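Please read the structure below before turning to the comments.
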Amino acid sequence: MDNKKAGKFIYLPFLLIFETMKFENTLAFAQSLDQADLLSDRRNDFLFPQQNGKPFIYLCGNSLGLQPKAAREVLELQLSNWENLAVEGWFEGSSPWMFYHKELKKLMAPIVGASPLEVCPMNTLTVNLHLLMVSFYKPAGSRFKIIMEAGAFPSDQYAIESQVRFHGFDPKDAIIEVSPRAGEYTLRTEDIIAEIEANGAEIALVLFGGVNYFTGQWFDMEAITKAGHAVGAIVGFDLAHAAGNVPLKLHDWNIDFACWCSYKYQNSGPGGISGIFVHDKHFGDTTLNRFAGWWGYQEQQRFKMEKGFVPEAGADGWQISCTQVMPMALYHASLLNFEKAGFIEPLRAKSKTLTSYLIYLVNEVNSSLGEEQFKVITPAEEKDRGAQVSIIAKQDGKEIFQQLVAHNVLGDWREPNVIRLSPVPMYNSFEDVFLCAELMLKISKELRR
Ligand SMILES: *Cc1c(COP(=O)(O)O)cnc(C)c1O
């Protein structure tokens, strides 16, 4: 609480300066933005991969966040707990494993805009998506369809496809995909809402990504939720690319459920633990199906080992297996960095400026080349995007990408021609963004000779 306030207070002058600022295409200007950035020291809390003895300019936090320096320490602490306490570690030591997830819940809640009771770290993302659909995809009569964005992350497509099959439906009949208009790359909110309304009585579940992995579009989650509820549907979100990236208000937006992975913008390491959100309005609903396990059983009674599942209150009641202490420790280390940064708002303020500067510089590159070599497909409006900028390279895309990597800039490549660059406010600088754009120009020029 204090941290959040402090973050806002300190950050305000920064905001005022940058929102009225005209960008300049010079290294000195980029460095001046870094000097004014009160989060610029946060990058010292992370380890950067190296190539040829030089650190990478790492613009790939949308895929795998960097390792917090504190990660090794927290892992070592848990290894020594295991060494010294062994089975007693569940109830003994400075933070017994039995209750360890509660420390994380407190820190996860402000990142997604929920109460600690509404969130829980557990499992991995696609697994949680399935588990939440077991509870919240409840086809009944003619209301059996799921509406989602076209071009969702494949794992989500497969999960949804297999869930509708599990209920005896053909995905062709049961899944409605909303696509961009011809010639457009991203979805219009009005089109999403119109599609929900047009199929209203048949929709059991609206299940969208928060931020699309390919285009970087941040959907109007509140508007989608309202539209879904207005037709009597349940509304859930996959926040893989949104959690830790954009400010979320899952509780206030009245979203029914959500889940996310923590290894992208939340830096918890490859295969890191996932988080779930269940709105507290569902806590009293005893009709919800669950695939249950002992760790979701009422905490106080769990070790009586009795027959008949009785869920723990809140999101914890969706747990199945015992606490995965090691991945949780890694997530914990990362969450403490978020707390240190003042949680999402200061990061978001910097992120908006970082992406705006990147888009400005990409346009400068195009001007220098005398043509639109790079087309930004991520929405131009700040409110419609997070940290990721997706760029179509019209010529020599793959070569340009490979040359960027050879010159120590690590973004990521999506067939057939998209480069995704994600300056992450926690550890990227304005200088990173400047140097990346400068290289894009240099490489493009060389390839045209
Ligand atoms: C990254 C991502 C996943 C990955 O799922 P895992 O189960 O963690 O492998 C799933 N869905 C979306 C939308 C993603 O962006």
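Predicted model only: the values in this text are computed from it and were never measured. Computation of the quantities below employed the complete heavy-atom set of this structure, encompassing side-chain atoms and omitting hydrogens, waters and symmetry-equivalent molecules. Indexing begins at 1, ligand by ligand and atom by atom, following the structure's order. Heads up: numbering here begins at 1 and tracks the sequence.
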Subject >> Note: Lys69-Glu73 ion pair, threshold 4.0 Å (strictly below) >> reply: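 Salt bridge between Lys69 and Glu73, a charged N being under 4.0 Å from a carboxylate O: no.
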Original post:
What is the closest protein heavy atom to atom 7 (O) of ligand 1, and at what distance does it sit?
Top reply: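 Of every protein heavy atom, Thr126 OG1, 2.6 Å lies nearest to atom 7 (O) of ligand 1.
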Original post:
Can you find an N or O of Thr124 that's nearer than 3.5 Å to an N or O of ligand 1?
Top reply: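 The answer is no, given that Thr124 and ligand 1 share no N or O pair closer than 3.5 Å.
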Under 4.0 Å from any heavy atom of [X], which atoms of ligand 1 are there?
X	value
Lys264	1 (C), 2 (C), 3 (C), 14 (C), 15 (O)
Ala240	2 (C), 12 (C), 13 (C), 14 (C), 15 (O)
His241	15 (O)
Asp238	11 (N), 12 (C), 13 (C)
Asp156	10 (C), 11 (N), 12 (C), 13 (C)

Subject >> Tyr427 ring center within less than 6.0 Å of Phe46 ring center >> reply: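 Under 6.0 Å, so yes.
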**OP:** Tell me whether the centres of the aromatic rings in Tyr58 and Phe48 are closer together than 6.0 Å.
**Re:**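 No, the ring of Tyr58 stays outside the 6.0 Å limit from the ring of Phe48, centre to centre.
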**OP:** Could you name the option among Tyr263, Phe153, Tyr213 that has the heavy atom nearest to atom 12 (C) of ligand 1?
**Re:**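 Looking at heavy atoms only, the winner is Phe153.
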**OP:** Consider only side-chain N and O atoms of Gln78 and Trp97, and report whether a donor and an acceptor are under 3.5 Å apart.
**Re:**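 The answer is yes; a qualifying pair exists.
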Original post:
Looking only at side chains, do His101 and Asp316 share a donor and an acceptor under 3.5 Å apart?
Top reply: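 Per modelled atom types, His101 and Asp316 side chains form a pair under 3.5 Å.
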Original post:
Taking the six-membered ring of Trp318 as reference, does the NZ or CZ atom of Arg290 fall below 6.0 Å from its centre and within a 45° cone about the axis?
Top reply: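 Positive - Arg290 is close enough to the ring of Trp318 and near enough to its axis.
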